[in-house]
Undergrad: 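Please see the structure below; I have some questions.
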Amino acid sequence: MDLISSKEELIESLKDVRAVEMMARKGYEEDIITFKNFEITNTISKIKIDEDAHIKILTELIRMLEKS
C-alpha cells in the first residue's frame, strides 16, 4: 500500500473506503431479505447497523477535510 502524502489523497482514500462500506451494507440488506432464520437476520441486522455507523463517520471525516 502506498503512503498517503496529501490531503486530497486522504480524502480520495476515505471515499474509496466509504464506497466499500456502502457496497457491504447493500449486500447485508439483500441478505436480510434472502434469509428467513431470525438468528441469521438478527446478526446481519446488527452488522448492517455497524456499517451505517462506519459510513456516517467516513462521510463526516470527508466533509471536515473538504471544508478545511
Side-chain angles (χ1 to χ4, degrees):
M1 175 179 246
D2 295 332
L3 294 176
I4 297 171
S5 60
S6 71
K7 184 171 86 169
E8 291 75 23
E9 288 177 0
L10 176 58
I11 291 170
E12 287 307 311
S13 293
L14 291 172
K15 287 180 179 180
D16 291 344
V17 172
R18 182 179 60 181
V20 170
E21 295 281 351
M22 292 172 84
M23 287 179 5
R25 180 182 62 187
K26 183 178 180 191
Y28 294 131
E29 289 171 346
E30 293 169 358
D31 289 344
I32 291 169
I33 294 168
T34 301
F35 292 101
K36 303 301 178 207
N37 180 299
F38 174 75
E39 289 182 44
I40 293 172
T41 58
N42 189 43
T43 300
I44 293 171
S45 293
K46 290 176 185 176
I47 295 169
K48 184 195 160 296
I49 290 169
D50 283 345
E51 293 295 345
D52 291 338
H54 299 164
I55 292 166
K56 184 176 179 180
I57 291 166
L58 288 163
T59 299
E60 185 61 18
L61 284 170
I62 293 164
R63 187 194 65 75
M64 289 169 55
L65 287 165
E66 288 178 335
K67 186 177 178 182
S68 66

Undergrad: Run the side-chain contact (heavy atoms from CB on, under 4.5 Å) test against I57 and tell me which residues pass, sequence neighbours left out.
TA: L61
Undergrad: Is K46 paired with D50 through a side-chain N to carboxylate O contact shorter than 4.0 Å?
TA: no
Undergrad: Once rounded to the nearest 0.5 Å, what's the spacing between atom CD1 of I33 and atom OG1 of T41?
TA: 11.5 Å
Undergrad: Rounded to the nearest 0.5 Å, how far does CE of M22 lie from CZ of R25?
TA: 5.5 Å
Undergrad: In Å, rounded to the nearest 0.5 Å, how long is the span from CD1 of I62 to CD of E60?
TA: 10.0 Å
Undergrad: Once you round to the nearest 0.5 Å, how far does CG of N42 lie from CD1 of I32?
TA: 9.5 Å
Undergrad: Look at the side-chain heavy atoms of Ile, Leu, Val, Met, Phe, Trp and Tyr, link any pair under 4.5 Å apart, and say whether I44 and I49 land in one connected group.
TA: no
Undergrad: Is it the case that the side chains of T34 and E30 hold a donor-acceptor pair, with the cut-off being a distance below 3.5 Å and no angle test?
TA: no
Undergrad: What's the separation between atom CZ in R18 and atom CD1 in I11, rounded to the nearest 0.5 Å?
TA: 10.5 Å
Undergrad: Going by heavy atoms in the side chains, are V20 and D16 under 4.5 Å from each other?
TA: no
Undergrad: Any carboxylate oxygen within less than 4.0 angstrom of a Lys/Arg side-chain nitrogen, looking at K26 and E29?
TA: no
Undergrad: Membership question, hydrophobic clusters at under 4.5 Å side-chain separation (ILVMFWY): are M23 and I55 in the same one?
TA: no
Undergrad: Applying a strict under-4.5 Å side-chain criterion to I, L, V, M, F, W and Y, I'd like to know whether V17 and L14 cluster together.
TA: yes
Undergrad: Can a donor-acceptor pair be found, under 3.5 Å and without considering hydrogens, that links the side chain of K7 to the backbone of S68?
TA: yes
Undergrad: Going from CZ on F35 to OG on S45, what distance comes out if it is rounded to the nearest 0.5 angstrom?
TA: 12.0 Å
